[in-house]
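Shown next, in structure tokens, is the structure this report addresses.
Both counts, for ligands and for their atoms, begin at 1 and track the order of listing. Just so you know, residue 1 is the first one in the sequence shown, and it goes up from there.
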Amino acid sequence: MTTIAHGRPLEGRHAIVTGGARGIGLAIARRYLAAGASVALWDVEAAALADAVQQLAPLGTAISALVDVRDEDQVARGASQAQENFGRIDILVNNAGVLGPTVTAWEHTPAQWRQVLDINLTGAWLCCRAVVPVMLAQQQRGRIVNIASVAGKEGNGFNAAYSASKAGLIALTKSLGKELAASGVLVNCITPSAADTAVFAGVPAEHREQLRSALLARVPMGRFVEVDEVAAMAAWLASDDCSFSTGAVFDISGGRSMY
Ligand SMILES: NC(=O)c1ccc[n+]([C@@H]2O[C@H](COP(=O)([O-])OP(=O)(O)OC[C@H]3O[C@@H](n4cnc5c(N)ncnc54)[C@H](O)[C@@H]3O)[C@@H](O)[C@H]2O)c1
């Protein structure tokens, strides 16, 4: 059956976007609202969350919750709140993430290593654990979009915890995609190259420019990806137009990694 694309492809859908207070998550929330969805933003930064909700309010229904994706109780509470507010959860975007230290693999402290893996990988899994049963119970429909990274395909030097966490998120996408393939819940991930966001804020100033130049040098198109470009892909993956892709990895890297 051929369907004709319309202006608000997410009309009536309800989404959770983790790490939604700024950067890529905020751009995805904005795009989803413009496409007709309502959105629950989860984040750990209260002030940024409040700003984000204020910015988004003219576009539609945007609610927020202070949810640290590492904490299974907070995740469960956030999922219940979204269900109570919206009646259902159609879309989960696992976007919350941190870059971690830019040092060799052996120079990470165990605490740094665990923090990156806890947020970027275990956090995404905890959110799936809370939301998948809800999606399965409601007319067998859902879309999960995981924001991974080219680092998860290539393994960036001086960023091992981050790269390992994103490789893990790609594998989680594939496992969950297979498990849910016949259920109507589709699970896909996006692997952006560098976007010019606050994710680099934790990098010491003396290394920041060097890191940004090194990342850009690897992108044949020679520029950062715009957050709105990632949001456009996340919108398609959340829509009914995405109907025969699951467990898949969608590149958006300006030609950096063509696999
Ligand atoms: N910016 C890039 O170059 C780039 C490239 C590829 C992939 N990504 C991925 O995109 C996602 C978004 O990155 P961004 O560039 O917008 O970064 P960002 O730092 O601007 O935003 C990340 C958001 O996640 C939130 N967050 C951090 N820890 C959290 C936690 N424990 N629980 C809930 N929220 C938490 C932060 O408060 C922040 O609002 C990340 O997963 C990142 O790894 C970014």
Side-chain angles (χ1 to χ4, degrees), residues 16-31 40-53 55-56 64-75 77-79 92-100 102 112 114-127 130 145-154 156 159 161-170 172-173 189-203 208 211-216 218-219 223-231 233-234 249-254 256-257:
I16 293 170
V17 180
T18 73
R22 63 178 195 222
I24 292 171
L26 179 57
I28 291 172
R30 194 179 296 113
R31 180 88 187 203
L41 304 176
W42 292 1
D43 210 289
V44 286
E45 292 193 7
L49 259 185
D51 279 357
V53 168
Q55 269 184 54
L56 296 176
S64 68
L66 269 175
V67 175
D68 186 328
V69 296
R70 290 172 290 185
D71 183 321
E72 62 201 73
D73 294 333
Q74 291 183 30
V75 168
R77 272 201 298 277
L92 168 66
V93 182
N94 284 307
N95 165 80
V98 292
L99 190 60
T102 46
Q112 287 171 328
R114 290 193 184 103
Q115 188 209 26
V116 176
L117 271 288
D118 273 356
I119 297 173
N120 296 4
L121 177 57
T122 308
W125 169 72
L126 284 173
C127 293
V145 182
N146 294 325
I147 309 301
S149 167
V150 286
K153 293 177 172 183
E154 298 184 0
N156 285 353
N159 223 186
Y162 182 76
S163 302
S165 72
K166 294 300 186 180
L169 187 56
I170 291 171
L172 172 64
T173 303
C189 71
I190 299 178
T191 53
S193 52
D196 196 7
T197 68
V199 80
F200 298 111
V203 179
R208 206 175 300 148
L211 174 67
R212 286 156 51 101
S213 308
L215 289 171
L216 270 193
R218 285 184 237 155
V219 178
R223 66 169 174 87
F224 290 105
V225 63
E226 299 291 335
V227 293
D228 290 338
E229 293 176 308
V230 180
M233 187 175 266
V249 184
F250 286 80
D251 176 71
I252 180 158
S253 71
R256 174 172 156 185
S257 70

- Message: Does either side chain, that of S257 or that of D251, offer a donor lying less than 3.5 Å from an acceptor on the other one?
- Response: yes
- Item | Side-chain donor-acceptor pair present, T173, N146, cut-off under 3.5 Å | yes
Which ligand 1 atoms, with their elements, are less than 4.0 angstrom from a heavy-atom of [X]?
X	answer
V67	32 (N), 33 (C)
N95	10 (O), 11 (C), 12 (C), 40 (C), 41 (O)
S149	6 (C), 7 (C)
A198	19 (O), 20 (O)
A194	3 (O)
A96	24 (O), 33 (C), 34 (N), 35 (C), 41 (O)
T197	1 (N), 14 (P), 15 (O), 17 (O), 20 (O)
G23	16 (O), 20 (O)

Would [X] count as being in polar contact with ligand 1, using the rule that some N or O on each side must be under 3.5 angstrom apart?
X	answer
I119	no
W42	no
K166	yes
I24	yes

- Note on the structure: For E72, the salt bridge (Lys or Arg N to Asp or Glu O under 4.0 Å) test, sequence neighbours excluded, returns none
- Task: Please examine the side chains of T197 and V227, heavy atoms only from C-beta on, and report whether any two atoms are closer than 4.5 Å.
- Result: yes
- Message: Less than 4.5 Å apart, side chain to side chain, heavy atoms only: is that true for L49 and V44?
- Response: no
One residue to check: [X]. Relative to ligand 1, which of side chain, backbone, both or neither has a non-hydrogen atom less than 4.0 Å away?
X	answer
A201	neither
A148	backbone
F224	neither

- Query: Starting from atom 2 (C) of ligand 1, which protein heavy atom do you reach first, and at what distance in Å?
  - Reply: A195 N, 3.3 Å
- re atom 23 (C) of ligand 1, the protein heavy-atom contact at minimum distance is G19 O, 3.6 Å
- Message: Can you check which of V230, T122, V98, D68 brings a heavy atom nearest to atom 27 (C) of ligand 1?
- Response: V98
For the backbone of [Y] and the side chain of [X], can you confirm whether one donor and one acceptor N or O come within less than 3.5 Å of each other?
X	Y	result
N95	T18	yes
D43	A21	yes
S163	N156	yes

- Any T18 heavy atom less than 4.0 Å to ligand 1: no
- Note on the structure: Test side-chain contact (heavy atoms from CB on, under 4.5 Å), reference I147, set I190, N94, L169, output is I190
